[in-house]
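Before any comments, here is the structure.
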Amino acid sequence: MLSEKTKQWIDERTGYKNFFHAIFLLNFPTKRRSRWQFIWGGALVLMMLVEIITGALMMTVYSPSEASAWGSVHYMETQVDLGWFVRGLHHYTAHMMIVAIIIHIFLVIISAGYRKPKEFIYWTSLLIGGVIIGLTITGNALPWDQKGYWSYQIETGIAGTMPVIGSTLRSLVVGGSEFGNLTLTRLYTIHVMALPVIAIMLFVFHMALIRRERLRTAKVKEANDDPNVDFELDEDDPVKDEITQPYWPYQTTRTLVLTLILVGIVILQIVAYPALKNKHLDVGIGDWQADLPASEIKLEAPADSAIPYIARPEWFVRFLFELRHMVPKELEVLVTAVLPGVILAILVLVPFYEKVFGERWGQRLAIVVYVGGLLIISGISWYGIQAERSAPDYELNRSQELAYAARASWLASKNGVPPEGPASLLRNDPKSMGPIIFARHCGICHTWNGHDGTGHNIMEMKDGKKVIATPRASDLAGFATTKWLTEFLLDPRSPKFFGHLATVKGGDAILNGDMSDWADSYVGPEGILTKEDVEAVAALVAREAKRRDYVKPSQEVIQRGISVFSGVDFKDKSGKVIEFYGYCAQCHAMKAGDPNEEGGGAAPDFNGYGSEKWLIDFIRKPGAEHFYGEKNIMPSFEESKISEHDIKLLVKWMRGEWQRPTEEK
């Protein structure tokens with residue numbers, strides 16, 4: 001620490017003591033002694049300092065581009081020492097500042113802090129609130145994850161509906177007409193340069209106005225208390241009953257206490273909120289098992305319009321989002337542009353209420369307008385959130401989003417972010433893209449555990465209404481597994497398999513065709529095949545797929561399957577070798593099951609059945625001679641319909657082939 005002599009030496013040459021007094025309000029009077037009522041403004045200043053410091057630290061890691069933004073934030077969250085804490089402090093403090101400015105303005109109104117000559121103090125508070133909201137909106141999108149990306153789509157969409165300047169404003173903040181790399185660059189510049197400079201200027205101006213007002217109060221009081229000064233305040237002068245007291249340490253201490261409490265709440269949010277925010281969800285519905293616990297998901301999935309995500313704006317603009325859906329589209333501009341303008345005008349005009357209605361009723365009107373407006377806005381936002389959460393597919397959709405977020409985070413931690421960008425983590429992942437591709441191309445006819453692959457029902461229009469569609473083809477979940485084949489052989493006419501084919505042109509011939517006749521003749525209590533025989537031949541055929549989940553049966557079971565498939569050395573239920581005329585090789589070819597390579601040609605070739613190559617070939621051309629031939633009723637999916645990249649992802653997903661955290665342990 002510097003000695004007093006040294007401090008004095010420096011002060012004589014720099015005047016730093018007065019400088020700090022002027023900047024940090026260390027020694028100027030405040031009215032009526034220190035009061036808790038006046039601590040929110042100071043707390044806002046201190047929280048702004050927290051934002052500047054944490055923002056500067058994050059700038060050492062963050063990279064503002066589509067290819068690197070998500071990855072750099074993920075790196076910050078998972079690899080940098082205390083990176084998660086610094087980012088959490090920055091993020092949640094921004095939201096806390098919005099709460100603080102709302103309370104601060106409320107306290108200004110109930111203390112009549114807008115009255116002459118303090119109108120500009122009040123108006124700068126409103127401007128500071130607007131800049132804080134702008135900082136939060138632009139900051140939320142910077143990680144370039146699904147949440148920020150879609151929120152920003154909504155928020156810029158709202159801005160774009162403003163008359164006259166809407167399109168220009170949107171283009172300015174988006175960096176063109178489409179979201180892309182320039183959007184991030186523009187956002188970053190606005191967030192770290194433009195808005196902070198404006199915010200600092202507003203804070204300084206605001207504090208200067210407050211300092212000027214309080215010094216005036218002190219001078220007036222000093223003159224009033226000096227018997228040698230011929231000065232007397234009017235009875236209605238607002239400073240008549242005020243006394244002075246140094247800002248430091250009385251008011252400053254209270255401000256620090258509040259700031260510490262607010263920061264403490266922020267830290268609690270950082271620690272507890274990730275584990276609590278999805279408590280209302282049954283995370284992992286259906287096939288959407290997350291690769292990480294929900295509490296460990298630091299980011300949503302990388303921004304990608306190909307990945308499903310329900311856009312949700314931030315809580316402080318949620319009411320505008322909800323109002324947009326409550327009015328016809330032609331009236332949308334009223335709630336997105338006119339209404340915010342009216343709200344702003346009502347707030348700006350508060351100092352003039354008393355001119356019209358008098359001090360008493362003018363202030364009451366200001367309080368009613370402010371509190372009533374907050375209640376209405378909060379009510380609309382709350383209604384929207386509750387309506388969304390009570391929607392039939394909400395849990396499924398949110399579970400799906402969390403699964404994508406967890407998947408991307410785990411893949412990035414395991415393999416790193418590819419040079420082509422974080423979106424490719426999921427774009428090249430069978431577990432992520434397989435369901436989407438299935439729903440897009442296969443879900444029209446087939447189902448997957450009863451749904452379209454993503455967990456949603458397949459819908460169709462019937463008598464003018466949207467109803468759950470009747471599947472036209474088999475359910476493919478578990479295709480080519482021993483279990484799936486066994487169920488099929490036992491009952492091909494089941495709704496899970498050929499049951500609904502009769503509704504398709506040419507389907508009746510398959511529903512009641514050779515395969516169903518075979519099951520009628522040889523399976524069941526009256527048939528010659530036991531359930532063990534069916535399971536054995538199913539295991540033999542499933543072996544061709546070489547799926548990762550294939551459980552290798554005993555050699556005895558395989559031999560039994562070969563007997564059923566080829567009809568060679570077939571033993572009946574009593575164990576006696578007999579002639580079996582229902583063997584599979586009469587229609588199907590499969591070297592493993594037909595040692596003499598006889599038969600085949602009348603039904604799909606089982607060599608490599610269910611393998612990656614077999615499935616790709618089949619999807620590309622199901623009417624090929626070695627598949628269904630002339631009997632085929634399934635459309636072919638050439639390269640023009642589904643790319644090589646997508647078909648491989650689809651097939652790998654159908655076969656359950658993707659990287660798994662459990663296998664890595």
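From a predicted model like this one, the values you see are computed outputs, not experimental measurements.
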Are any of the side-chain heavy atoms of [X] and [Y] separated by less than 4.5 Å?
X	Y	result
Ile444	Cys442	no
Phe321	Arg312	no
Lys621	Met634	no
Asp145	Pro302	no
Val263	Leu89	yes
Leu650	Ile642	yes

Can you tell me how far [atom2] of [Y] sits from [atom1] of [X], rounded to the nearest 0.5 angstrom?
X	Y	atom1	atom2	value
Tyr152	Glu314	OH	CD	13.0 Å
Thr183	Gln153	OG1	CD	8.5 Å
Thr93	Gln269	OG1	CD	8.5 Å
Glu296	Trp410	CD	CH2	13.5 Å
Met654	Leu476	CE	CG	4.5 Å

May I have the step-by-step check of salt bridge (Lys or Arg N to Asp or Glu O under 4.0 Å) for Glu300 and Arg398, ending in yes or no?
-> CA-CA 11 Å; Glu300 297 287 342; Arg398 187 61 192 140; 2.8 Å; yes
Might you point out which heavy atoms bring [X] and [Y] nearest each other, and give the distance in Å?
X	Y	answer
Ala542	Leu485	N-CD1, 3.7 Å
Arg318	Ser381	CB-OG, 3.8 Å
Ala589	Phe565	C-CZ, 4.4 Å

His451 (side chain) donor-acceptor with Trp448 (main chain) under 3.5 angstrom =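 The answer is yes, because a donor-acceptor pair under 3.5 Å joins these two groups.
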So, Glu544 side chain and Gly608 main chain: donor-acceptor pair closer than 3.5 Å or not?
->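 Yes.
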For Ala391, which residues count as a side chain to side chain contact (heavy atoms under 4.5 Å, CB included) partner, sequence neighbours excluded?
->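 For Ala391, the residues satisfying side chain to side chain contact (heavy atoms under 4.5 Å, CB included) (neighbours in sequence not counted) are Tyr394.
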Sequence-distant partners of Thr486, side chain to side chain contact (heavy atoms under 4.5 Å, CB included), two or more places apart |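 Partners of Thr486 under the side chain to side chain contact (heavy atoms under 4.5 Å, CB included) test: Thr482, Leu490, Val534, Glu535, Ala538.
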By side chain to side chain donor-acceptor pair (under 3.5 Å) - contacts of Arg407 (at least two apart) =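 Per chain and number, Arg407 pairs via side chain to side chain donor-acceptor pair (under 3.5 Å) with Asp291, Asp429.
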If we count only N and O atoms by modelled type, under 3.5 Å, do the side chains of [X] and [Y] hold a donor and an acceptor together?
X	Y	value
His626	Asp617	no
Asn140	Ser151	no
Ser409	His74	yes
Ser72	Ser63	no

Between Glu388 and Ile310, does a side-chain contact (heavy atoms from CB on, under 4.5 Å) hold up when you go through it step by step?
-> CA-CA 10 Å; Glu388 182 196 353; Ile310 306 296; 4.1 Å; yes
Member of Phe618, Phe438, Tyr609, Phe497 meeting the ring pair (Phe, Tyr, Trp, His ring centres under 6.0 Å) criterion with Phe479 =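 Output: one option passes, namely Tyr609.
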Please step through side-chain contact (heavy atoms from CB on, under 4.5 Å) for the pair Glu51 and His90, ending with a clear verdict.
-> CA-CA 5 Å; Glu51 289 296 273; His90 190 80; 3.8 Å; yes
Name each donor-acceptor pair under 3.5 Å that joins a side chain in residues 550-559 to protein atoms two or more places apart or in another chain, with its distance.
unit_1, atom_1, unit_2, atom_2, d
Tyr550, OH, Ala539, O, 2.8
Ser554, OG, Val557, N, 3.2

Quick check: are there more than 12 heavy atoms from other residues, nucleotides or ligands sitting under 6.0 Å from CZ of Phe627?
->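 Atom CZ in Phe627 is packed in, count exceeds 12.
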For atom CD of Glu178, decide whether the heavy atoms of other residues, nucleotides or ligands shown that lie under 6.0 angstrom number more than 12.
->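 No.
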Steps toward side-chain contact (heavy atoms from CB on, under 4.5 Å) verdict (Tyr188, Thr138) = CA-CA 8 Å; Tyr188 189 61; Thr138 53; over 6 Å; no
Pair Trp144 and Tyr62, ring centroids less than 6.0 Å apart =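 Centroid distance Trp144-Tyr62: not below 6.0 Å, so no.
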Under 6.0 Å between ring centres, would you say that holds for Tyr309 and Tyr149?
->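 No, the ring of Tyr309 stays outside the 6.0 Å limit from the ring of Tyr149, centre to centre.
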Keeping to residues at least two apart or across chains, list the side chain to side chain donor-acceptor pair (under 3.5 Å) pairs with something in residues 638-653.
->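 Only Asn428-His645, Glu612-Lys652, Arg620-Glu639, Arg620-Glu644, Ser636-Glu638 qualify under side chain to side chain donor-acceptor pair (under 3.5 Å).
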Would Ile562 and Leu540 count as a side-chain contact (heavy atoms from CB on, under 4.5 Å) if you check the C-alpha gap in whole Å, the side-chain angles of each, and the deciding distance to 0.1 Å?
-> CA-CA 7 Å; Ile562 291 173; Leu540 177 72; 3.8 Å; yes
Residues forming a salt bridge (charged side-chain N to carboxylate O under 4.0 Å, His left out) with Lys496, sequence neighbours excluded |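 With sequence neighbours excluded, Lys496 shows a salt bridge (charged side-chain N to carboxylate O under 4.0 Å, His left out) to Glu487, given in chain and number order.
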Trp84 six-ring face occupied by Arg87 cation (under 6.0 Å, within 45°) |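 Judged by the rule, Arg87 and Trp84 form no cation-pi pair.
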